[in-house]
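One structure below.
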Amino acid sequence: MDSREAILERVRAGLGRKLGQKPLPPPEPLLRIDTLGASGRLELFRRKLMGTLTVAADAAVAGRAVADLLNGREAVASGHPFLERCGIRSMARVFTDPAELRNACATAGVGITSAYCLLAETGTIVLRATPEEPRLPSLLPPVHIAVVPEERLLTNLDEMLSMTPRPVDDASAMVLISGPSRTGDIEQFLVRGVHGPGEIHVVIVQGKHRDS
Amino acid sequence: MAMVDVLERLGFTVEFRREQTCCAQPAFNSGYHTEARTVAAHFLDTFGDADTIVVPSGSCTSMITHHYAELFAGDAKRQQQVRELTPRVFEFSQFLVDVAQFDDLGASFPHKVTYHDSCHALRELGLKDAPRRLLGKVRGLELVEMGAAEECCGFGGLFSVKFAPISGAMARTKVESIVATGATHVVSVDSSCLMQLRGALARAGHRIETVHLAEVLASRG
Amino acid sequence: MRVPEAAIRKTLADANLQLAIYTNTGRFKENRSKAVAAEVLPEYQELRTRAAAIKRHTLDFLDVYLLQFESAVEAHGGKVIWASTGEEAADFILKLAKERAASLIVKSKSMTSEEIDLNERLAHHELEAVETDLGEYILQLAGQKPFHIVAPAIHMTRNDVADVFTEKLGIERDTVIENQAMTARRVLREKFLAAGIGVTGANFLAADAGAVVIVENEGNARLSHSAPPVHVAIAGIEKLIPRVRDLGVFLDLLGRSASGQALTSYTSIVSGPKRAGELDGPEEFYVVLLDAGRTKLLADKEKRESLQCIRCGACLNACPVYRKIGGHNYPWVYSGPIGKVITPQFQGRGKDPWLPFASSLCGACAEVCPVKIDIPGLLLQLRREAVAADPADRLLFRAWAWLMTRPAMYGMLARIGLRFSGVEMGPLAAWRAERDFPAVPEKSFRALWKERKK
């Protein structure tokens with residue numbers, strides 16, 4: 001008997017269950033759904049975000065805000081169409097070549113992404129790994145900028161989970177980023193940027209966006 | 001005896017049954033259920049017909065009200081006795097505040113006092129406010145909270161001798177917290193905690209006194 | 001093993017260590033209690049109830065969820081490896097490393113891998129497995145085991161770290177904590193980019209999505225599952241939860257209980273290798289499901305709940321015994337109250353029979369447990385089993401029970417006892433070694449009562 005069968009057999013024997021015996025339905029999780037208005041969500045997000053927040057009136061303003069944040073530094077941008085729309089992928093010193101992605105992420109000072117959504121209650125940027133939104137731009141560079149349409153700002157994780165109860169069916173990974181990379185492992189002294197970005201900037205873009 | 005004084009002053013008739021011994025907790029906590037059952041059965045037989053049982057210890061109270069049912073699992077007759085008895089068993093401060101509904105007993109105790117939450121009174125019986133409310137009404141008494149009020153004193157029955165160095169270290173932390181309040185007396189509802197604290201305070205050379213809540217409430221200052 | 005009394009005394013006598021343990025756990029404890037306060041999270045108690053119920057349910061039907069998890073992982077192109085023992089788990093990684101010609105493995109913090117001595121097993125085969133969590137990295141260099149489930153190096157100071165780095169990395173001594181962290185970033189970044197395999201643990205396994213959930217603050221787990229071409233997640237079979245949606249409950253509790261964070265910096269939910277068109281991410285994804293004693297616990301209905309643990313470490317921070325003796329005086333990698341409960345169950349109770357007795361049963365652990373494990377109750381149960389196997393004090397308690405059912409005799413002995421409390425022997429001596437023995441009242445309560453009622 002291989003380990004798979006052996007373990008399953010021990011589990012069933014231990015529980016007194018038979019092969020194929022149906023389970024009871026699982027208890028429901030408690031999902032805390034607060035319905036904050038748009039301005040309430042924005043205020044809460046501003047308060048909870050461990051980084052800077054810029055609210056831009058439209059895509060053009062957002063592009064300029066990102067240019068200001070970059071201040072001439074080399075950056076790598078994901079292939080998300082919303083970044084294209086904000087004119088970020090065509091900026092000077094912003095790398096977008098998919099073939100060079102890994103190297104660009106390893107050397108660039110800033111990584112720029114959009115986001116699947118933002119969560120106000122915890123100041124969280126939610127990213128899903130997709131062909132347009134690779135993993136490394138938000139991970140390898142010391143600074144992360146996320147440019148996100150305002151309609152993607154949700155109240156909290158529970159709201160996201162009730163809207164998208166299966167968020168990784170059509171993406172290979174999802175990551176919730178709720179602050180800079182940090183460690184307190186030596187004397188509980190807080191150090192930022194120990195492995196991932198130590199600095200986070202979010203640009204929220206207002207107005208309607210067809211291709212967000 | 002202080003508890004008897006307080007209860008009689010309030011007009012209750014207090015009876016002390018000479019047959020009473022122990023709630024059985026030492027054996028229960030050490031894993032000796034057979035022996036614990038023998039003693040717990042003696043308790044049930046001794047107190048079965050009492051109106052109300054007031055216990056000057058949070059730990060003993062919770063042994064009876066929280067663990068007797070488990071101890072007699074499978075013994076329908078004893079289980080029935082436990083079900084009938086436990087609603088009538090109260091820790092002293094719990095009885096005064098929740099049952100008798102007194103908080104001002106006219107006591108006077110002109111000292112600076114800090115209160116030690118005994119683990120079982122706090123966590124099993126949920127007694128946090130009752131003893132503080134009673135202390136709050138005592139004339140001349142100044143209550144100062146210590147930082148580690150809810151931390152264990154380190155007694156834990158046989159633990160205090162089988163793991164004496166750990167138990168002693170826990171007591172020393174507690175003592176530091178008591179001393180930091182500047183109180184002259186430390187009050188609790190459990191004599192076993194008070195014994196541990198008294199020993200540790202004395203060993204560290206502090207002159208802070210340990211007193212049971214009943215003694216404070218019986219005091220006319 | 002007998003009580004490691006000398007080691008415990010040494011820990012108790014080390015003033016710096018005592019301060020480090022007490023202040024560090026104290027800070028965690030305080031942050032936790034602020035984060036779950038009713039003003040901040042009014043649903044806290046209800047969340048605990050649900051979390052406990054969901055975990056209990058998953059364990060009760062674990063066979064179903066394991067199979068569901070496996071087929072979901074496979075549907076996304078990953079593979080589940082079943083390991084009955086730690087050796088099997090290590091063997092799988094060894095074989096994989098050989099086949100992929102990987103000589104360097106990066107690892108993010110995993111208590112499960114500590115439990116099965118994974119690094120030691122891999123090192124025997126000249127595979128370099130590097131711990132990448134800062135605390136774990138320091139410990140690996142120093143050759144030590146984690147001191148705490150969540151904060152593995154809380155017993156070390158910046159000076160200790162400087163010594164370790166100088167000795168093992170050959171760099172100039174530097175006691176500035178920021179610089180130490182940046183040294184680790186520099187050294188480990190190279191490893192992440194060069195490694196052939198990334199090994200992570202898992203905080204949860206979501207059965208419906210076949211997803212591994214990893215909670216962390218540093219980003220080393222993200223790097224471990226994103227940068228190398230192969231990702232292996234290793235997890236005990238008890239880590240299952242039915243649905244991703246259940247994270248709405250568990251993530252509300254885990255970070256808050258561990259460190260007071262509503263969410264830690266990073267939560268990764270990984271459902272497989274990279275898919276068509278993706279530019280980065282691992283080509284291969286494996287989940288090693290480990291038994292290593294868990295099915296034995298599962299079969300014990302009374303103690304099954306100890307498998308509900310989500311390893312938040314709150315019980316360690318709340319425990320007055322842990323806060324004195326620290327993590328290294330416990331016999332196994334799991335320390336604190338939960339360690340006392342699971343060690344005898346995993347390792348057999350005969351090995352360290354003293355463990356369940358080293359507790360004052362104060363209940364602080366149960367009060368903070370986010371999944372409501374009745375730790376004191378389980379300790380009592382384990383004590384009961386221990387004395388059934390080795391009733392060392394049975395005679396004592398028989399005599400005690402005999403006396404306690406004979407009130408007249410009890411009264412008499414109490415009178416005599418009062419007079420002889422000065423003797424220096426047995427438990428009295430142990431008591432006196434640490435504390436004074438209280439002055440004995442002149443008259444017993446019984447005597448006073450007799451006088452009063454005359």
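Just so it is clear: chains get the letters A, B, ... in the order the sequence lines come, proteins before strands, and each one is counted from 1.
Here the side chain of B/H120 pairs a donor or acceptor atom with the backbone of C/L361 at under 3.5 angstrom. Side chain of B/R123 to main chain of C/C362: a donor-acceptor pair is present (N/O by atom type, distance under 3.5 Å, no hydrogens or angles). With C/S360 contributing its side chain and B/G156 its backbone, the two residues share no donor-acceptor pair below 3.5 Å. Side-chain atoms of B/R203 come within 3.5 Å of backbone atoms of C/R435 as a donor-acceptor pair (strictly under, hydrogens ignored).
When every heavy atom of B/Y32 is checked against every heavy atom of C/D393, the shortest pair comes out as OH-N, 2.8 Å. Contact record, B/V39 with C/T405: CA-CG2, 4.3 Å, taken as the closest heavy-atom pair. Shown here for C/R446 and B/R18, the closest heavy-atom pair between the two residues is NH1-O, 2.9 Å. Across B/T21 and C/P407, no two heavy atoms sit closer than the pair CG2-CA, 4.1 Å. Closest non-hydrogen pair, C/W449 versus B/V14, comes out as CH2-O, 3.7 Å. Here the shortest heavy-atom pairing between C/E434 and B/A169 reads OE1-N, 4.4 Å.
Ring to ring, B/F163 and C/F357 are not that close: their centroids are 6.0 angstrom or more apart.
More than 12 heavy atoms of other shown residues, nucleotides or ligands fall within 6.0 angstrom of atom CG in B/D49. Heavy-atom contacts from other residues, nucleotides or ligands closer than 6.0 Å to CZ of B/R220 number more than 12. At most 12 non-hydrogen atoms from other residues, nucleotides or ligands lie less than 6.0 angstrom from CD of C/E302.
Contacts of B/A24 with chain C are made by both backbone and side-chain atoms, with heavy-atom separations under 4.5 Å.
The choice from B/C153, B/S160, B/A200 that makes the most heavy-atom pairs within less than 4.5 Å of chain C is B/S160.
Inter-residue side-chain proximity for C/R398 and B/E35 is flagged as met; some heavy-atom pair is nearer than 4.5 Å.
Comment: B/E8 engages C/R452 in a salt bridge, judged by a side-chain N to carboxylate O separation of less than 4.0 angstrom.
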